[in-house]
Amino acid sequence: MSAMPRQHEGLHYMSLMSSLSKLRETQNYLEIGVQQGIHFSVIHANHAVAVDPGFLINQNIANNKNSVYMHNGTSDSFFRSQYANDAMKGRIDLAFLDGLHVFEFLLRDFFNTEALSATHGLIALHDCLPITAAMAQRNEAEAHKMGADTHFPGAWTGDVWKVVSILKKFRKDLRVLCFSAAPTGLILITNLDPTSTTLRDNYLDIVEEYAKIPNDQAAIEAFYDGIELLAPEDAVRDFDHSLFFRV
């Protein structure tokens with residue numbers, strides 16, 4: 001339905017997420033893959049949880065928040081923690097997933113996050129709309145090598161684009177929306193079902209199936225043929241937010 005774009009020229013993903021967090025009056029926010037905290041610092045929330053195995057914070061991550069909880073570890077260790085399952089279960093109303101850029105990790109982060117989310121929650125996936133085959137390589141060093149002479153040197157999305165296809169195939173109950181937010185897109189998922197175990201139960205079979213799909217130009221172009229690209233500005237304009245998402 002959409003041709004593979006030469007670049008995403010819509011609202012920058014950080015501006016979109018900041019506006020969404022404020023518009024939705026976010027109470028409990030989760031971010032996986034925080035690093036310096038640049039994105040985390042622009043989010044509006046009553047309570048926010050930061051997860052990263054190697055924090056390099058140089059921003060005021062408490063900005064626009066009443067409280068912040070930091071988990072210094074992997075996302076898997078966070079989801080196993082007592083805090084996640086006691087304090088957050090059923091309460092996450094906005095999440096931003098930007099951990100390791102390989103599809104099997106993002107898939108696991110998604111279904112673990114959904115299990116802790118409110119039914120009206122919204123989950124955002126970053127870097128799922130690559131615009132070159134080079135940036136979509138699973139190995140970061142290889143992506144940088146292949147992309148050195150392109151218009152996007154140093155860019156690495158990995159193969160997390162496959163998660164969009166997985167959700168559309170195995171979770172047709174979800175509303176999966178693809179926004180052409182600069183620079184590598186933003187996927188926003190609503191109509192969540194915290195009780196669903198479909199992805200968890202079939203995880204190994206799904207990973208085996210999608211690991212066989214190459215990260216080449218043809219595969220990524222075919223992926224774009226199966227999605228509709230939306231303008232990110234539309235999702236935060238006036239009351240139009242309610243046209244896209246469960247609130």
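Note that these values count all heavy atoms, side chains included, but never hydrogens, waters or copies made by symmetry. Heads up: numbering here begins at 1 and tracks the sequence. All values derive from a computational prediction rather than experimental measurement.
- Here the side chain of N202 pairs no donor or acceptor atom with the backbone of D205 at under 3.5 angstrom.
- Considering only heavy atoms from C-beta on, L106 stays 4.5 Å or farther from V102 through its side chain.
- Listed for the K65 side chain is a donor-acceptor partner under 3.5 Å among the backbone atoms of I43.
- Within the 3.5 Å criterion, the main-chain N or O of I38 finds a donor-acceptor partner in the side chain of S41.
- Scanning all heavy atoms of the two residues, the minimum distance from I220 to T132 falls at CD1-O, 4.1 Å.
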Working note: D234 + D240, criterion side-chain contact (heavy atoms from CB on, under 4.5 Å); need CA distance, chi angles, decisive distance, verdict.
CA-CA 7 Å; D234 292 345; D240 288 354; 5.5 Å; no
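- Remark: the backbone N or O of L20 is not paired with any side-chain donor or acceptor of K22 at under 3.5 angstrom.
- Ring planes of F223 and W161: tilted class, angle from 30 to 60°.
- No chain of hydrophobic side-chain contacts below 4.5 Å, direct or via other Ile, Leu, Val, Met, Phe, Trp or Tyr residues, connects L56 to V51.
- Other residues, nucleotides and ligands contribute more than 12 heavy atoms inside 6.0 Å of the CG atom of D86.
- Applying the side-chain contact (heavy atoms from CB on, under 4.5 Å) rule to D193 yields the partners E114, R171, D173, T195, S196; only residues at least two apart in sequence or on another chain are considered.
- Looking only at atom types and distance, the side chain of T113 has no donor-acceptor partner in the side chain of D109 under 3.5 Å away.
- Rounding to the nearest 0.5 angstrom, the gap separating the NE2 atom in H12 from the CG atom in L186 is 10.5 Å.
- When each of L97, T184, T157, I32 is paired with H126, the side chain to side chain contact (heavy atoms under 4.5 Å, CB included) condition holds for T184 and for no other.
- Partners of M146 by side-chain contact (heavy atoms from CB on, under 4.5 Å), not counting sequence neighbours, listed by chain and number: A134, Q137, E142.
- Taking each heavy atom of F110 and I123 in turn, the nearest pair found is CE1-CD1, 3.6 Å.
- In plain terms, the two heavy atoms of P153 and A148 that are nearest each other are CB-O, 3.9 Å.
- No hydrogens or angles considered: nothing links the side chains of H241 and D238 as a donor-acceptor pair under 3.5 Å.
- Contact of the Q217 side chain with the M4 side chain is registered, since non-hydrogen atoms from C-beta on lie closer than 4.5 Å.
- For R200, the CZ atom sits in a packed shell: over 12 heavy atoms of surrounding residues, nucleotides or ligands are nearer than 6.0 Å.
- The two residues R175 and L243 have their closest heavy-atom pair at NH2-O, 3.6 Å.
- Remark: C128 SG to H101 NE2 distance equals 9.0 Å, nearest 0.5 Å.
- In terms of hydrophobic clustering, with Ile, Leu, Val, Met, Phe, Trp and Tyr side chains grouped at heavy-atom distances under 4.5 Å, I227 and F244 are assigned to different clusters.
- Contacts of S2 classified as side-chain contact (heavy atoms from CB on, under 4.5 Å), with partners at least two apart in sequence or in another chain: L229.
- In summary, K162 and E209 do not engage in a salt bridge, as defined by a charged side-chain N under 4.0 Å from a carboxylate O.
- The line from NZ of K168 to CD1 of I166 is 13.0 Å long, rounded to the nearest 0.5 Å.
- Between the CG atom in L100 and the CZ atom in R138 there is a gap of 8.5 Å [rounded to 0.5 Å].
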Criterion side-chain contact (heavy atoms from CB on, under 4.5 Å) on L107 and Y210, from CA distance to verdict
CA-CA 11 Å; L107 178 60; Y210 281 81; over 6 Å; no
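- The salt bridge (Lys or Arg N to Asp or Glu O under 4.0 Å) check on D127 picks up nothing, with sequence neighbours excluded.
- Under the 3.5 Å distance criterion, the side-chain polar atoms of S67 are left unmatched by any main-chain donor or acceptor of H47.
- The six-membered or imidazole ring of Y203 lies away from that of F170, with a centre-to-centre distance of 6.0 Å or more.
- Note on I187 and I92: same hydrophobic cluster, where clusters join Ile, Leu, Val, Met, Phe, Trp and Tyr whose side-chain heavy atoms are under 4.5 Å apart, directly or indirectly.
- The two residues M17 and A124 make their nearest non-hydrogen contact at SD-CB, 3.7 Å.
- Shown here are the side-chain contact (heavy atoms from CB on, under 4.5 Å) partners of D93, two or more places apart in sequence or in another chain: T26, Q27, N28, H120.
- In this structure, R246 CZ and L192 CG are separated by 8.0 Å, a value rounded to the nearest 0.5 Å.
- Looking at R80 and N85, their side chains never bring a donor and an acceptor atom within 3.5 Å of each other.
- F78 and H71 have perpendicular rings, their planes meeting at more than 60° on a 0 to 90° scale where under 30° would count as parallel.
- In this structure, Y224 has no ring-ring contact (aromatic ring centres under 6.0 Å, His included) partners at least two apart in sequence or on a different chain.
- In this structure the side chain of D98 never reaches within 4.5 angstrom of the side chain of E31, judged on heavy atoms.
- Y29 has its ring centre less than 6.0 Å from the ring centre of F40.
- Without hydrogens or angle criteria, N112 side chain to F79 main chain gives no donor-acceptor distance under 3.5 Å.
- Results of the side chain to side chain contact (heavy atoms under 4.5 Å, CB included) test with T190 over T119, L122, V176 single out L122 as the only residue that passes.
- Hydrophobic clustering of Ile, Leu, Val, Met, Phe, Trp and Tyr side chains at less than 4.5 Å, counting indirect connections, keeps L11 apart from L129.
- In this structure, the side chains of N63 and V42 stay at 4.5 Å or more apart for every pair of heavy atoms.
- In terms of heavy atoms, Y13 sits closest to P183 at CD2-CD, 3.8 Å.
- W156 and N139 form no side-chain donor-acceptor contact under 3.5 Å, judged by distance and modelled atom types alone.
- The CG atom of N64 lies 7.0 Å from the OG atom of S18; values are rounded to the nearest 0.5 Å.
- The cluster map of Ile, Leu, Val, Met, Phe, Trp and Tyr, joined by side-chain heavy atoms under 4.5 Å apart, puts M70 and L30 in different clusters.
- For the pair H8 (side chain) and G10 (backbone), a donor-acceptor distance under 3.5 Å is absent.
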